[in-house]
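Everything numeric in this text was worked out from a predicted model, so none of it was measured. We use all heavy atoms of the structure for the numbers below, so side chains are in, but hydrogens, waters and symmetry mates are not.
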Amino acid sequence: MAKKTIVDFLVELDSNSKLMDAYKKNPVGTAEKYGLSGEDLQLIKDQDWDEVAKRFDDTSKATRVISY
């Protein structure tokens, strides 16, 4: 099984309203349940959106503004 990354998680958040609702209530718990690594979970805990933005290195993906 492929490892889930924070990029996968944020893309899924954009298209899955149930996941987004859960994330709004409990961001870290939702990300942990999704299967993110400890390092990716720490980015969410710290709200290190600059580092998250660096993970979107594929310019073919739409830029996401994270404000929640």
Side-chain angles (χ1 to χ4, degrees):
M1 176 164 40
K3 182 179 169 188
K4 295 180 181 179
T5 67
I6 196 162
V7 172
D8 299 328
F9 179 63
L10 295 176
V11 169
E12 181 74 17
L13 273 180
D14 193 45
S15 61
N16 183 330
S17 62
K18 288 182 181 180
L19 187 64
M20 176 59 82
D21 289 342
Y23 177 82
K24 287 179 180 179
K25 293 175 185 171
N26 182 357
V28 175
T30 302
E32 187 172 28
K33 189 173 182 180
Y34 185 79
L36 294 186
S37 70
E39 179 184 346
D40 287 346
L41 286 172
Q42 193 62 47
L43 294 174
I44 292 173
K45 287 178 187 176
D46 295 343
Q47 296 184 0
D48 188 352
W49 307 132
D50 290 334
E51 181 59 32
V52 171
K54 290 177 189 176
R55 306 283 175 101
F56 278 92
D57 60 358
D58 183 349
T59 57
S60 67
K61 293 181 182 171
T63 302
R64 306 279 185 225
V65 177
I66 302 167
S67 61
Y68 34 79

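Nearest heavy-atom pair, Ala22 versus Thr30, reported as atom, atom and distance to 0.1 Å: O-OG1, 3.0 Å. A pairwise comparison of heavy atoms in Glu32 and Leu41 identifies N-CD2, 3.3 Å as the closest pair.
Listed by chain and residue number, nothing satisfies the salt bridge (charged side-chain N to carboxylate O under 4.0 Å, His left out) test with Glu12 (two or more places apart in sequence, or in another chain). For Glu51, the side chain to side chain contact (heavy atoms under 4.5 Å, CB included) partners at least two apart in sequence or on another chain are Leu43, Asp48, Lys54, Arg55. Applying the ring-ring contact (aromatic ring centres under 6.0 Å, His included) criterion to Phe9, with sequence neighbours excluded, gives Tyr23, Tyr34.
Results of the side chain to side chain contact (heavy atoms under 4.5 Å, CB included) test with Asp40 over Val52, Asp8, Ile6 single out Ile6 as the only residue that passes.
Interatomic distance, Leu36 CG to Gln42 CD, rounded to the nearest 0.5 Å: 12.5 Å. Rounding to the nearest 0.5 Å places NZ of Lys33 at 10.0 Å from CG of Leu19.
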